Amino acid sequence: MRINLDREKCIGSGQCVLAAPDWFDQDDDGIAVVLEGKATDEDSEDLRHAAFTCPALAISLDSE
């Protein structure tokens with residue numbers, strides 16, 4: 001699964017970090033960053049929740 005994050009859209013709510021802390025963090029300005037790694041099917045529920053709860057709709061997921 002590929003995680004796409006549009007940092008220009010991010011408003012820094014932190015919902016992605018709460019939903020999927022293994023995959024998202026925030027920089028010093030509160031803007032989300034995607035952590036390194038390859039997401040697996042086991043991660044998909046948390047990642048879908050992160051994308052769904054993002055108020056800025058800055059996260060999208062692609063199957064690989």
Side-chain angles (χ1 to χ4, degrees):
M1 178 173 289
R2 170 184 258 157
I3 305 165
N4 304 302
L5 174 64
D6 186 344
R7 289 178 48 89
E8 296 292 320
K9 283 184 170 182
C10 180
I11 60 172
S13 72
Q15 295 302 307
C16 58
V17 178
L18 293 173
D22 291 339
W23 293 103
F24 295 97
D25 199 357
Q26 290 177 288
D27 66 14
D28 292 338
D29 295 323
I31 303 301
V33 293
V34 178
L35 301 175
E36 295 293 319
K38 174 113 170 121
T40 65
D41 288 340
E42 294 175 6
D43 303 307
S44 65
E45 185 176 336
D46 288 346
L47 291 171
R48 283 188 187 99
H49 184 66
F52 179 76
T53 59
C54 177
L57 303 175
I59 301 167
S60 63
L61 306 171
D62 295 325
S63 298
E64 290 187 316

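Small disclaimer: the values here were computed from a predicted structure and weren't measured.
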Student check: side-chain heavy atoms of Trp23 and Leu47 closer than 4.5 Å: yes

Backbone of Ile31 reached by a side-chain donor or acceptor of Asp29 within 3.5 Å: no

Donor on one side chain, acceptor on other, Asp43 and Thr40, under 3.5 Å: yes

Atom of Pro55, atom of Gln15 and distance for their closest heavy-atom approach: CD-CG, 4.2 Å

Heavy-atom check, side chain of Leu61 versus side chain of Ile3, under 4.5 Å: yes

Nearest heavy-atom neighbours spanning His49 and Ala19: CD2-CB, 3.3 Å

Residues, nucleotides or ligands: over 12 heavy atoms within 6.0 Å of Arg7 CZ: yes

Separation between SG of Cys54 and CG of Leu5, rounded to the nearest 0.5 Å: 7.5 Å

Other residues, nucleotides, ligands: >12 heavy atoms within 6.0 Å of Asp41 CG: no

Stepwise side chain to side chain contact (heavy atoms under 4.5 Å, CB included) test for Leu35 and Phe24: CA-CA 6 Å; Leu35 301 175; Phe24 295 97; 5.8 Å; no

same_hphob_cluster(Val33, Val17) at 4.5 Å side-chain heavy-atom cutoff: no

Lys38 versus Met1, closest heavy-atom pair with distance: NZ-N, 4.5 Å

Closest heavy-atom pair and its distance - Ala32, Cys16: CB-SG, 3.8 Å

